[in-house]
Amino acid sequence: METQQKALFIIFGGTGDLAKRKLYPSLFKLFEKGFLNENFAVIGTARRPWTDDFYRNVVTESLVGVSGDKTKIADFASHFYYQSHDVTDVAHYITLKKLADDLDAKYQIEGNRMFYLAMSPQFFGTIATHLGSQNLVTKNGFNRLIIEKPFGRDFESAKKLNDEISNTFDESQIFRIDHYLGKEMIQNIPAIRFGNIITQTLWNNKYIDNIQLTLSESLGVEERGGYYETSGAMRDMFQNHIMQVVSLLTMDMPKEFVASEIRKEKLKALEAIRILKPEEVDANFIRGQYGANKAGTEKAYRDEEQIAPDSMMETFIAGRLMIDNERWSGVPVYVRSGKRLVEKNTEINIVFKNVEKNIFGTSDEHEHLGKDVLTITIEPDERFRLTINTKEIGQGFNTNKTNLDYVNSPETKANTPEAYEKLLLDALNGVAINFAHWNEVAKAWNVADVILNSWHDNDDDKTIFPNYLSGSMGPEASAKLLTDDGNYWIYNPEK
């Protein structure tokens with residue numbers, strides 16, 4: 001049996017979509033596997049005037065399709081309690097403290113508390129302040145605060161938010177969740193890089209030509225129009241997910257595989273990313289907004305619900321990052337992310353340099369062989385693919401590309417813990433490896449702010465959007481970003 005933890009979870013936003021889709025199924029999996037047993041309880045809070053019984057029914061319904069064990073589900077749901085709560089009202093924290101203390105005694109939890117803020121970031125500072133001033137933070141157990149993105153809208157708002165939270169919780173108690181860091185293939189990056197002499201030796205600018213990262217979504221904004229209109233692709237994807245993955249791909253090897261050493265190396269990698277000057281933005285970053293598809297069956301972004309008819313919010317970004325250190329000098333890191341693209345796919349491509357001389361060439365001694373490419377597919381498949389040059393079958397010595405391919409089986413994928421399950425267990429155990437440190441968040445905003453400000457300063461021309469069709473791979477300028485360097489997107493479902 002795995003080590004069991006004692007903990008009281010207090011979930012602010014307990015009636016929300018995130019809690020029902022991700023948190024309750026993930027907590028159930030931890031319960032089912034024995035990481036949580038009898039010594040845990042959950043308090044869900046929100047404005048709605050629910051009863052404990054109604055709340056437990058909601059939790060039970062969220063587990064449909066997760067398990068058919070009704071007895072286990074009933075046992076799990078019996079640990080859930082509900083309190084109607086106004087996060088700005090001091091009196092409600094007094095009531096919450098009494099319930100928390102009662103449950104701590106009932107389940108012998110020993111003061112261990114996990115505070116999960118699954119609601120609008122505008123309330124993060126308010127909640128953290130009241131948790132401290134109303135003594136919900138205990139002195140006899142661990143206290144950990146889990147917060148969702150977006151963490152601010154720019155560096156200044158992120159710093160203000162962090163300062164407010166830090167008045168109650170120190171950095172070791174703050175777990176900024178980024179579900180990409182819980183994905184199995186993202187967590188494989190350090191193993192690939194530092195667990196193999198081949199990749200460890202070749203992972204630098206002597207052998208790597210460029211790095212490409214694509215986070216492609218086939219859906220539009222759907223019911224999230226209100227959120228997306230204040231966020232956009234840069235804030236929603238680049239500042240957090242993309243920058244975190246880039247740091248994992250480009251950091252130096254840590255002395256030990258522990259949170260403090262990994263964070264140190266990730267921060268050094270982020271600090272080395274070149275911060276653009278305003279006049280350099282257009283040459284290095286592309287923004288886009290989807291229009292309707294050719295058939296007219298998909299709406300343009302500006303026609304979606306809760307979207308301004310002249311909105312200048314980007315639904316697509318592509319960019320070239322340069323890293324100014326000895327390992328990566330001269331190696332462009334190309335990133336892109338967008339909505340209403342051809343298909344859903346998250347993929348990393350490490351493109352290696354050509355061999356110096358093609359001895360198999362025909363009449364042209366300068367004829368190049370194809371470049372070797374290591375592909376790591378994050379989703380929907382979980383795949384490693386190494387594309388290399390081999391000889392064609394038959395007479396002569398023509399070469400072609402061959403894939404050395406490994407893909408996780410459907411059975412393996414089905415038995416792989418979901419990202420939130422793994423991250424909740426890490427937070428429960430105080431393991432911070434797969435969470436973002438404030439310094440990382442700050443450096444990512446430093447890079448993003450220049451780009452966002454430049455775009456905002458040029459928002460007067462409303463006619464530049466839409467500039468790509470739904471069902472395409474984004475604006476034509478995205479491809480040109482690479483072809484100007486003599487490169488091309490390896491992942492190209494349009495070809």
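Keep in mind that the numbers below use all heavy atoms, side chains included, and drop hydrogens, waters and symmetry copies.
At a cut-off of 3.5 Å, with distance as the only test, no side-chain donor of E298 or N293 sits close to an acceptor on the other residue. Judged purely by distance below 3.5 Å, without hydrogens or angles, the side chains of E164 and N162 never pair a donor atom with an acceptor atom. Using modelled atom types, one finds no donor on one side chain facing an acceptor on the other under 3.5 Å when comparing S216 with N345. Y290 and E304 share a donor-acceptor pair across their side chains, judged by distance under 3.5 Å alone.
Geometrically, R56 engages Y81 in a cation-pi contact, judged by NZ or CZ lying under 6.0 Å from the ring centre and within 45° of the ring axis.
The minimum heavy-atom distance between G13 and A19, with the atom names listed, is O-CB, 3.8 Å. Here the closest heavy-atom approach between residue L63 and residue I73 is recorded as CD1-CG2, 3.9 Å.
A donor-acceptor pair under 3.5 Å is absent between the side-chain atoms of E418 and the main chain of G182, judged by distance alone. Not one N or O on the side chain of H241 forms a donor-acceptor pair closer than 3.5 Å with the backbone of Y180. When atom types are taken as modelled, the side chain of R385 and the backbone of L374 share no donor-acceptor pair closer than 3.5 angstrom. In this structure a side-chain-to-backbone donor-acceptor pair under 3.5 Å is missing from N57 to T60.
No salt bridge links K29 with E421; every basic N to acidic carboxylate O contact stays at or beyond 4.0 Å. Salt-bridge formation is not detected for the pair E38/K6: no Lys NZ or Arg NE/NH1/NH2 atom is positioned less than 4.0 Å from an Asp or Glu carboxylate oxygen. One finds a salt bridge joining E379 and K183 here, because a Lys/Arg side-chain nitrogen approaches an Asp/Glu carboxylate oxygen to under 4.0 Å. Note on D381 versus K344: no salt bridge recorded, every NZ/NE/NH1/NH2 to OD/OE distance being 4.0 Å or above. Residues K422 and D426 are not paired through a salt bridge, judged by the lack of any N-O separation under 4.0 Å between the basic side chain and the carboxylate. Of the charged side-chain nitrogens involved, none lies within less than 4.0 Å of a carboxylate oxygen, so that E347 and R383 do not count as a salt-bridged pair.
When the side-chain contact (heavy atoms from CB on, under 4.5 Å) test is applied to R48, the partners found at least two apart in sequence or on another chain are T15, W50, Y82. With sequence neighbours excluded, the residues that form a side-chain contact (heavy atoms from CB on, under 4.5 Å) with T51 are D53, F54. With sequence neighbours excluded, no residue forms a side-chain contact (heavy atoms from CB on, under 4.5 Å) with N415. R153 pairs by the side-chain contact (heavy atoms from CB on, under 4.5 Å) definition with S157, T230, R235, not counting sequence neighbours.
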Donor-acceptor pairs under 3.5 Å, side chain of residues 122-130 to any protein atom, not counting sequence neighbours: which ones?
from	atom 1	to	atom 2	distance (Å)
Q122	NE2	S120	OG	3.3
T129	OG1	G125	O	2.8

Got a list of side-chain donor-acceptor pairs under 3.5 Å for residues 443-453, not counting sequence neighbours?
from	atom 1	to	atom 2	distance (Å)
W445	NE1	F151	O	3.0
D449	OD2	F155	N	3.0
N453	ND2	D449	O	3.1

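Side-chain contact between F115 and F9 is absent, with no heavy-atom pair separated by less than 4.5 Å. For the pair V333/L213, no side-chain contact is recorded, criterion being any heavy-atom separation below 4.5 Å from C-beta on.
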- salt bridge (charged side-chain N to carboxylate O under 4.0 Å, His left out) between K106 and D102, intermediate numbers included: CA-CA 6 Å; K106 178 177 180 178; D102 289 346; over 6 Å; no
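Here F40 and Y107 keep their ring centres 6.0 angstrom or further from each other.
Distance check, rounded to the nearest 0.5 Å: OG of S247 to CZ of R263 gives 11.5 Å.
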